[in-house]
Amino acid sequence: HSFPTRRSSDLFLGGSGGNGQPPGEGNGEEGYRPQQELLGLNHLKKLYNEYCNPAHPLTAAERETRLYAMLPLFCKIFNSVPGSVIPEKFSDTNSFTQATSKLLVTEVRRRASNQSTEAAATSIATFLEVDGKEETSRGWMLISTLNLLAAEGEQLVEVMTAASVPSTLVKCLYLFFDLPGSVESAAGPTNGEADNEFTQRERRILLQKMFMQILMRLCSHVSAVEELARKDDLTLLFSAISSVSAAHNAIWRKTSSDVLLTVSRHSLSQPIISYLHNKGCIALCVENMQKLFSDGPETNRSEEHTSELQSR
C-alpha cells in the first residue's frame, strides 16, 4: 500500500455513551437491565456465529457489512462494564478483535492510498467522526468498539498490535496535523449540519478525545509501543509535538504529548529505550522545539514530556 508523504516522512481515534462521552466511561444514564443484556448478548453471539459460519460464501463487502451491523450492539452491551468482563461474557472476543482490527486498518488504507496528505487526512477523519447519529456512523462505531476492546488489557492489545492498529492510528494522528480548518461560520450550522446531532467542531473534538483515549490505552502496553518502534512510527509522535501546525490542529499536538507521556510512564522497555537513543528522537525533538517554539506554552508542555522520557 502507498501512503501520502508529509514533511518528507512516509505515512500511510468509543461507541460513545450519551453526551458524546467515550465508551467505558460512565455517563450517568441507565444501563442495560440484566434481561436486556442477556438478550442483546445472545443476539450478538448469534450474529457473530453467522458471520464466522455463513450459510453460503460471503464476498469481502458482505463480510464487512455483517461486521459493521454488530458494532452498535456490541457497544451498547459493553459500554458500561469493565474491559475485563468482555471476554468472560463473549467467548469469541479474540477473533472479534482480530476482525475489527483488520477492518479498521483496511478502511484507513483505502482512504490514505494515492491521496494528497490533506485529502487523506480529511477522508480518514470524516470516516471516523460521528456523522448524524452515533449508531449509523460506521467509522465512529468501529473505533468505539476497538476502544472498548483496548480497555480489556494486554491480551486484546496484543491482538490489535498484531493487526497493526497502534501504528495505523499513529500515522493517522500525524496526518491530522494537515487537516483543513473548519468551514463553520458564526451564522450557525450549515444545511448539512441542521440534521446532525453534533456540529463539525464538536465532531472533531469528540474524535480527538477518542484518539487520545484509545492511543493511551494501547501505549500503556509495551507490545503496542514496541510495534511502533519496529514500524519506525514512534518517531512520528516526537515529530508531531515539535512540528509547526495550524492553530486549529493544536489539539493533535496535545494528543501526541499525552501519548508520549503514557509511553514514558508505562512502556519504556529496553528495546524502546534503545530505539529512542539510536534514532536521536529526544534530541531532535528538543532541537526542533527550540527553533520553532522558543517560548510558547505548548512547547513548554512538550518539553516537560520529553524531559521525563530523557530522565528514564
Side-chain angles (χ1 to χ4, degrees), residues 13-49 51 67-104 128 130 134-135 137 139-163 165-166 169 206-225 227 255 258-259 261-267:
L13 87 220
S16 149
N19 302 319
Q21 292 191 9
E25 295 184 355
N27 53 39
E29 293 186 354
E30 182 183 358
Y32 255 15
R33 291 189 296 271
Q35 186 176 5
Q36 290 176 311
E37 180 178 315
L38 183 59
L39 288 172
L41 188 58
N42 286 338
H43 187 48
L44 175 64
K45 291 177 179 178
K46 178 177 179 291
L47 290 175
Y48 192 66
N49 182 62
Y51 167 83
L67 190 55
Y68 274 121
M70 298 178 227
L71 304 186
L73 179 59
F74 178 89
C75 290
K76 190 172 186 180
I77 294 170
F78 295 114
N79 187 52
S80 302
V81 301
S84 58
V85 172
I86 299 176
E88 297 174 8
K89 294 191 174 185
F90 185 35
S91 60
D92 291 316
T93 296
N94 271 34
S95 62
F96 181 78
T97 301
Q98 184 180 51
T100 51
S101 296
K102 289 181 177 179
L103 181 55
L104 175 73
L128 293 175
V130 178
E134 289 178 322
E135 295 77 8
S137 303
W140 177 257
M141 296 310 302
L142 181 56
I143 196 170
S144 297
T145 297
L146 289 169
N147 188 35
L148 287 173
L149 292 167
E152 181 275 338
E154 184 69 26
Q155 180 180 347
L156 296 186
V157 167
E158 287 184 356
V159 174
M160 295 167 71
T161 298
V165 170
L169 292 178
L206 286 172
L207 178 61
Q208 183 266 337
K209 289 182 176 180
M210 175 68 72
F211 246 73
M212 183 160 58
Q213 186 175 60
I214 189 172
L215 277 173
M216 288 174 68
R217 284 176 171 175
L218 290 170
C219 290
S220 64
H221 297 278
V222 171
S223 59
V225 182
E227 190 240 354
T255 304
D258 287 344
V259 172
L261 185 56
T262 298
V263 171
S264 73
R265 288 175 172 170
H266 302 287
S267 306

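This chain uses plain numbering: 1 for the first residue, then up along the sequence.
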>> Show the nearest heavy-atom pair for residues Met141 and Pro72, with the distance to one decimal.
In response: CE-CA, 3.5 Å
>> For Ser95, is there any backbone N or O sitting under 3.5 Å from a side-chain donor or acceptor partner on Tyr48?
In response: yes
> Taking all non-hydrogen atoms of both residues, which atom of Cys219 and which atom of Val225 are closest, and how far apart?
Replying inline: O-CG2, 3.5 Å
> Are Leu218 and Met160 side-chain neighbours, meaning at least one heavy-atom pair lies under 4.5 Å?
Replying inline: yes
>> Tell me the closest heavy-atom pair linking Ser267 and Ser220, and the distance in Å.
In response: OG-C, 3.3 Å
> With a 4.5 Å limit on heavy-atom distance, are the side chains of Ile77 and Phe90 in contact?
Replying inline: no
> Can you name the closest pair of heavy atoms from Leu215 and Val259 and give their distance?
Replying inline: CB-CG2, 3.7 Å
> How long is the gap from CE on Met210 to CG on Leu206, to the nearest 0.5 Å?
Replying inline: 8.0 Å
> In this structure, which one of Thr255, Leu261, Thr262 forms a side-chain contact (heavy atoms from CB on, under 4.5 Å) with Met216?
Replying inline: Thr262
> What heavy-atom pair brings Phe78 and Leu148 nearest, and what distance separates the two atoms?
Replying inline: O-CD2, 3.8 Å
>> Return the OG1 to CZ distance between Thr93 and Phe74, rounded to the nearest 0.5 Å.
In response: 6.0 Å
> Asp92 and Lys45: side chain to side chain contact (heavy atoms under 4.5 Å, CB included), yes or no, with the steps?
Replying inline: CA-CA 8 Å; Asp92 291 316; Lys45 291 177 179 178; 5.9 Å; no
> With a 4.5 Å heavy-atom cut-off, do Thr100 and Leu71 have their side chains touching?
Replying inline: yes
>> Is any side-chain heavy atom of Leu128 closer than 4.5 Å to one of Leu104?
In response: yes
> What's the spacing between Leu41 CG and Lys76 NZ if we round to 0.5 Å?
Replying inline: 14.0 Å
> Just how far is it from atom OH of Tyr68 to atom CG of Leu103, taken to the nearest 0.5 Å?
Replying inline: 4.0 Å
> Say you draw a straight line from CG of Leu47 to CE of Met70; how long is it, rounded to the nearest 0.5 Å?
Replying inline: 6.0 Å
>> Give me the atom names and distance for the closest heavy-atom approach of Pro87 to Glu152.
In response: CG-CG, 3.6 Å
>> Please report the interatomic distance CG(Leu146) to OG1(Thr97), rounded to the nearest 0.5 Å.
In response: 7.5 Å
